[in-house]
Visitor: 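Let me give you the structure first, and then I'll get to my questions.
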Amino acid sequence: MEPYFRILFLIVAFFFGAILGSFACCQAWRIRLKEMHQKSPGKWSVCMSCGRRLKASENIPIFSWLAQRGKCKKCGAKIGNAEILSELLLGLSFVAIGNVFFDDIITTLSEGSFQAMLMLIFKLLLLMFSLSFMWILVVYDAKWQKLPTFLLTIINICAILYVILLSIGQILNSADFQSLGIFLLNHLGSAALLAGPYFLLSAFSHEKLVGSGDWLVALPIALFLGHFWLALITLFLANTLGTIFGLYKKARRGEKRIPFGPFLTIAFSIVFAAQNWLMSLVAFL
């Protein structure tokens with residue numbers, strides 16, 4: 001029965017992520033309108049072109065976009081690709097995270113440890129909550145190449161809480177403070193390796209090479225990953241994706257500056273999902 005439970009669990013995770021992906025787009029627009037001192041659409045979703053309040057049937061992630069062919073039913077204005085991409089990618093990211101946690105959830109359930117299960121649920125929810133806020137940053141940065149400070153603050157606080165939870169787990173499981181020290185050193189090394197270069201590039205180039213917010217995106221990602229090898233792989237993958245996209249944008253539109261936050265977040269989702277395989281590969285090498 002376990003494979004069926006896994007499939008059901010991942011389907012639920014996908015739709016939960018897709019809903020939050022839609023939410024991320026809405027919140028990005030609300031933050032932008034507030035920043036521009038324009039009227040907010042309020043608590044309801046509306047067409048950004050004609051202002052019409054959307055019906056419940058028009059708010060179903062992915063399906064509504066496909067059914068309407070990416071256009072508003074009333075005015076025919078294009079909704080944009082960012083919305084469906086946000087829903088799909090965050091849904092897939094939640095699937096990846098859920099798959100990482102699923103085996104631990106099954107093991108903890110079989111052991112019947114309420115304390116361990118509670119800790120595991122907190123970790124999973126904290127990670128998903130943080131990724132949802134990261135995704136608002138992804139949408140905002142992709143559209144307007146800015147990173148709202150208060151969102152960066154929330155995500156960094158969540159990452160610190162995540163490390164604290166993991167540290168408590170280390171103490172409860174082993175009561176070995178030497179292991180805890182190694183654990184914390186790994187997290188500090190991860191932060192220095194991933195966030196450090198962006199901080200230095202931003203400071204010494206006066207934000208000409210990278211923005212000042214990029215290292216604040218990289219810092220919580222490094223803390224969530226918790227190992228310098230994973231941080232190094234994320235650094236390589238994010239820069240590779242950013243370079244490919246940058247060359248494409250320059251060839252097509254002549255644009256030189258690209259938002260880097262989205263590539264850090266996408267690379268993080270991939271590396272976190274494949275962390276066990278990547279660490280086994282590193283150990284083999």
Visitor: Hey, would you say the Tyr162 and Phe224 ring centroids sit under 6.0 Å apart?
Guide: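 That pair passes the under 6.0 Å test.
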
Visitor: Does the pair Arg32 and Lys143 meet the rule for a side chain to side chain contact (heavy atoms under 4.5 Å, CB included), with working shown?
Guide: CA-CA 10 Å; Arg32 182 62 175 175; Lys143 284 182 177 291; over 6 Å; no

Visitor: Does Val139 form a side chain to side chain contact (heavy atoms under 4.5 Å, CB included) with Gln27? I'd like the steps, not just the answer.
Guide: CA-CA 9 Å; Val139 175; Gln27 292 310 304; over 6 Å; no

Visitor: Hey, is CZ on Phe9 packed in by over 12 heavy atoms from elsewhere, all under 6.0 Å?
Guide: yes

Visitor: Ile168 vs Ile164, test: side chain to side chain contact (heavy atoms under 4.5 Å, CB included). Steps then yes/no.
Guide: CA-CA 6 Å; Ile168 292 170; Ile164 291 171; 4.0 Å; yes

Visitor: Tell me whether Phe101 at atom CZ has more than 12 heavy atoms from other residues, nucleotides or ligands lying less than 6.0 Å away.
Guide: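 Yes, enclosed.
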
Visitor: For Met134, run the side chain to side chain contact (heavy atoms under 4.5 Å, CB included) check against Ile266, Leu264, Ile221 and tell me which one passes.
Guide: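 Per the side chain to side chain contact (heavy atoms under 4.5 Å, CB included) rule, the option paired with Met134 is Ile221, out of Ile266, Leu264, Ile221.
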
Visitor: Sequence neighbours left out, cut at 3.5 Å: what donor-acceptor pairs do the side chains of residues 115-126 make with other protein atoms?
Guide:
none

Visitor: Answer yes or no: does atom CH2 of Trp65 have more than 12 heavy-atom neighbours from other residues, nucleotides or ligands under 6.0 Å?
Guide: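 For Trp65, atom CH2 is crowded (more than 12 foreign heavy atoms under 6.0 Å).
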
Visitor: Determine the minimum heavy-atom distance between Lys146 and Tyr140, stating which atoms define it.
Guide: O-CD2, 3.2 Å

Visitor: Hey, mind stepping through Trp229 and Leu278 against side chain to side chain contact (heavy atoms under 4.5 Å, CB included) and telling me if it holds?
Guide: CA-CA 9 Å; Trp229 272 115; Leu278 289 170; over 6 Å; no

Visitor: Between Glu87 (side chain) and Ile62 (backbone), is there a donor-acceptor pair under 3.5 Å?
Guide: yes

Visitor: Are Leu216 and Leu147 side-chain neighbours, meaning at least one heavy-atom pair lies under 4.5 Å?
Guide: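 Not in contact.
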
Visitor: With a 4.5 Å limit on heavy-atom distance, are the side chains of Phe150 and Ile154 in contact?
Guide: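 They are in contact (side-chain heavy atoms under 4.5 Å apart), so the answer is yes.
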
Visitor: Using modelled atom types only, decide if a donor and an acceptor are shared between the side chain of Thr265 and the backbone of Gly261 within a distance under 3.5 Å.
Guide: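 A pair under 3.5 Å: yes.
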
Visitor: For Asn239, what residues pass the side-chain hydrogen bond (donor to acceptor under 3.5 Å, both in side chains) criterion, not counting sequence neighbours?
Guide: Tyr198

Visitor: Do Ser86 and Trp135 meet the criterion of a side-chain donor-acceptor pair at a distance under 3.5 Å?
Guide: yes

Visitor: So do Leu223 and Ser190 actually touch side chain to side chain, heavy atoms under 4.5 Å?
Guide: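 No. Closest side-chain heavy atoms not under 4.5 Å.
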
Visitor: Do Phe129 and Cys158 come within less than 4.5 Å of each other through their side chains, counting heavy atoms only?
Guide: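 A side-chain contact exists here, since the closest heavy-atom pair is under 4.5 Å.
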
Visitor: Considering only heavy atoms from C-beta outward, does the side chain of His187 approach that of Leu166 to under 4.5 Å?
Guide: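 A side-chain contact exists here, since the closest heavy-atom pair is under 4.5 Å.
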
Visitor: Ignoring hydrogens and angles, tell me if any N or O in the side chain of Ser202 forms a donor-acceptor pair with the backbone of Phe199 under 3.5 Å.
Guide: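 No: the side chain of Ser202 does not pair with the backbone of Phe199.
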
Visitor: Check Phe268 against Thr234 and note the closest heavy-atom contact, atom names and distance.
Guide: N-CG2, 4.0 Å

Visitor: Which heavy atom of Ala273 sits nearest to which heavy atom of Ala96, and what is that distance?
Guide: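 Nearest pair, atom of Ala273 first, then Ala96: CB-CB, 3.2 Å.
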
Visitor: Can the ring centres of Phe263 and Phe245 be said to be less than 6.0 Å apart?
Guide: yes

Visitor: Going from CD1 on Ile155 to CD1 on Ile160, what distance comes out if it is rounded to the nearest 0.5 angstrom?
Guide: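 Rounded to the nearest 0.5 Å, the CD1-CD1 separation comes to 12.5 Å.
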
Visitor: To check you understand the geometry: which heavy-atom pair defines the closest contact between Ala191 and Leu219, and what is its length?
Guide: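 That closest heavy-atom pairing would be CB-CD1, 3.7 Å.
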
Visitor: Keeping the roles fixed (side chain from Ser280, backbone from Trp277), state whether a donor-acceptor pair exists under 3.5 Å.
Guide: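 Indeed, once roles are kept as given, a pair shorter than 3.5 Å links the two residues.
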
Visitor: Indicate the atoms forming the closest heavy-atom contact of Ile31 with Pro148, along with that distance.
Guide: CG2-CG, 4.1 Å

Visitor: Do Ser132 and Phe23 make a side-chain contact, defined as non-hydrogen atoms from C-beta onward lying under 4.5 Å apart?
Guide: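 No, side chains not in contact.
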
Visitor: Identify the heavy atoms of Asn99 and Leu10 that sit nearest to each other, and give their distance.
Guide: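 The pair with the smallest heavy-atom distance is N-CD2, 3.5 Å.
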
Visitor: Would you check if Val282 and Leu230 make a side-chain contact, meaning some heavy-atom pair closer than 4.5 Å?
Guide: no

Visitor: Nearest 0.5 Å please: distance from the CG atom of Leu137 over to the CG atom of Leu152.
Guide: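 So the CG of Leu137 and the CG of Leu152 are separated by 5.0 Å.
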
Visitor: Are Asp141 and Val217 packed together at the side-chain level, in the sense that at least one heavy-atom pair is separated by less than 4.5 angstrom?
Guide: no

Visitor: Using the side-chain hydrogen bond (donor to acceptor under 3.5 Å, both in side chains) criterion, which residues pair with Ser269? Sequence neighbours excluded.
Guide: Ser93

Visitor: To the nearest 0.5 Å, how far apart are CG in Leu200 and CH2 in Trp215?
Guide: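 One gets 10.5 Å once the value is rounded to the nearest 0.5 Å.
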
